[in-house]
Number of protein chains: 2
Amino acid sequence: MLRISKLSDYAIIILGHMAKAPSQTFAANDLAGSAGIGGPTVSKVLKALVKAHVVRSTRGPKGGYQLAQTPEKTSIASIIAALEGPIALTECSIDLSHCEQASSCNVRGNWSVINRAIHAALEAVTLADMAITPPMGSDGFHIPVKDITFQPRRNPEQ
Amino acid sequence: MLRISKLSDYAIIILGHMAKAPSQTFAANDLAGSAGIGGPTVSKVLKALVKAHVVRSTRGPKGGYQLAQTPEKTSIASIIAALEGPIALTECSIDLSHCEQASSCNVRGNWSVINRAIHAALEAVTLADMAITPPMGSDGFHIPVKDITFQPRRNPEQ
DNA sequence: TTAAAGAGGACTAAAATGGTCCCCAATAAA
DNA sequence: TTTATTGGGGACCATTTTAGTCCTCTTTAA
């Protein structure tokens with residue numbers, strides 16, 4: 001299923017709401033209301049986003065959360081990384097020492113290529129892209145899908 | 001962490017071994033031995049790969065498993081899909097009806113763009129790419145990373 | 001006929017995930 | 001200076017998912 005976690009999903013929804021007023025400060029509870037997600041859960045998500053410097057927080061009355069950067073500069077990769085840690089499809093891409101197959105694994109290094117490709121894909125799309133509602137292409141997508149290209153050149157030196 | 005499951009990981013390792021002799025038939029137990037993975041687990045993985053037509057099986061003595069296509073034609077996407085079902089980062093990309101945020105989610109359609117990009121990345125790399133051991137670039141990667149490009153064009157019609 | 005393979009699926013233990021709660025710290029306003 | 005409002009940090013537990021094992025049945029070559 002290659003899923004992102006629900007919390008990451010929530011994060012993008014929440015940040016999507018914040019992106020509508022990028023310099024405004026939002027209380028966690030208000031965001032919970034407008035996103036239709038439970039209060040404590042929204043808090044948990046926002047705390048993680050603060051740690052990762054995706055949003056800034058202010059305490060006290062009239063406090064709340066605010067985007068740390070413009071929606072255009074906030075990549076989906078950074079949001080997912082905030083909630084799930086480093087983006088890597090396999091354990092050994094992060095820490096090889098735990099891999100028990102290491103000796104018989106002849107596939108290792110090549111994962112890195114895929115990881116980079118996926119990271120690039122998530123880095124290339126920003127909160128601004130996600131937050132845009134309709135007015136878009138006839139197929140329902142704002143970003144023309146045909147314009148997303150992925151072209152690895154294979155084995156050129158073999 | 002945006003991981004693939006261990007079983008998908010095993011699948012790629014197992015298929016990597018099979019790719020060394022693409023037309024040979026391998027018994028599940030032999031593959032377990034050479035991959036350093038438990039026998040029953042290897043069987044489980046191979047059964048899923050048969051269902052998805054990634055490998056073919058033959059019963060009876062001298063039976064076993066064989067790649068259904070050449071390693072060059074076997075994409076990583078098809079392998080992961082065999083073990084984890086459709087590749088989609090969010091639930092609602094597969095089935096919108098279960099989404100409780102639907103009404104307040106202003107981010108929906110745009111996931112599709114990311115999903116396609118990731119699918120493209122996994123489709124573009126094949127078993128042949130993964131199975132190649134060393135002889136490669138100075139950084140340890142066979143496929144030059146610089147040659148992997150991802151270029152969404154943003155909001156051109158706005 | 002037999003033995004060596006895979007097919008299908010039930011079952012369990014362990015790990016990850018999601019969600020809630022509690023108490024502490026900061027701070028604006030009364 | 002007090003109080004009320006907001007976030008910070010982390011513990012905790014229920015649930016779900018995942019991984020791994022096992023059992024019985026089917027196929028088929030020798």
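Here the structure is a predicted model, which means the values were calculated and not measured. Per chain, numbering begins at 1; letters A, B, ... match sequence-line order.
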A.B. asks: Please list, for nucleotides 19-22 of chain D, all pairs of protein and nucleotide N/O atoms separated by less than 3.5 Å.
C.D. replies:
| residue | atom | partner | partner atom | Å |
| --- | --- | --- | --- | --- |
| D/dA19 | OP1 | B/K6 | N | 2.4 |
| D/dG20 | OP1 | B/Y10 | OH | 3.1 |
| D/dG20 | OP2 | B/Y10 | OH | 3.2 |
| D/dG20 | N7 | B/K44 | NZ | 2.6 |
| D/dG20 | O6 | B/K44 | NZ | 3.0 |
| D/dT21 | OP2 | B/T41 | OG1 | 3.4 |

A.B. asks: How close or far is atom P of C/dT27 from atom OH of A/Y65, stated in whole angstroms?
C.D. replies: 14 Å

A.B. asks: Can you tell me how far C1' of C/dA7 sits from CG of B/N29, to the nearest Å?
C.D. replies: 15 Å

A.B. asks: Find the distance A/K51:NZ to D/dG9:P and express it as a whole number of Å.
C.D. replies: 6 Å

A.B. asks: May I have the distance from B/D30 (atom CG) to C/dA4 (atom C1'), rounded to whole angstrom?
C.D. replies: 12 Å

A.B. asks: How close do B/A19 and B/L67 get, counting heavy atoms only, and between which atoms?
C.D. replies: CA-CD1, 3.9 Å

A.B. asks: Ignoring hydrogens, what is the shortest heavy-atom contact between B/E123 and B/A77? Give both atom names and the distance.
C.D. replies: OE1-CB, 3.4 Å

A.B. asks: Round to the nearest Å and state the distance from A/L46 atom CG to C/dG18 atom C1'.
C.D. replies: 16 Å

A.B. asks: Nearest whole Å is fine: how far is C/dG19 C1' from A/D9 CG?
C.D. replies: 16 Å

A.B. asks: From CZ of A/R56 over to P of D/dG8, roughly how many Å is that when rounded to an integer?
C.D. replies: 13 Å

A.B. asks: Under 4.0 Å between a side-chain N or O of A/S57 and OP1 or OP2 of D/dG8?
C.D. replies: yes

A.B. asks: Hey, is the main chain of B/Q66 close enough, under 3.5 Å, to the side chain of B/Q24 for a donor-acceptor pair?
C.D. replies: no

A.B. asks: Where the side chain of B/S34 meets the backbone of B/D30, is there a donor-acceptor pair that is under 3.5 Å apart?
C.D. replies: yes

A.B. asks: Distance check needed: C/dA29 P versus A/K62 NZ, whole Å only.
C.D. replies: 7 Å

A.B. asks: Do B/R59 and C/dA5 have a side chain to base donor-acceptor pair shorter than 3.5 Å?
C.D. replies: no

A.B. asks: Just so I know, are the side chains of A/V42 and A/L31 near enough to count as touching, which here means a heavy-atom distance under 4.5 Å?
C.D. replies: yes

A.B. asks: Using every non-hydrogen atom in the two residues, find where A/S75 and A/S78 come nearest and quote the distance to one decimal.
C.D. replies: O-OG, 2.7 Å

A.B. asks: Where is the tightest heavy-atom contact between A/T126 and A/E72, given as atom of each residue plus distance?
C.D. replies: CG2-O, 3.2 Å

A.B. asks: When all nucleic acid strands are considered with a 4.0 Å heavy-atom cut-off, which category describes A/T58: base, sugar-phosphate, or nothing?
C.D. replies: sugar-phosphate

A.B. asks: Please compare A/P61 and B/A27 by the position of their nearest nucleotide in DNA chain C and report the one closer to 5'.
C.D. replies: B/A27

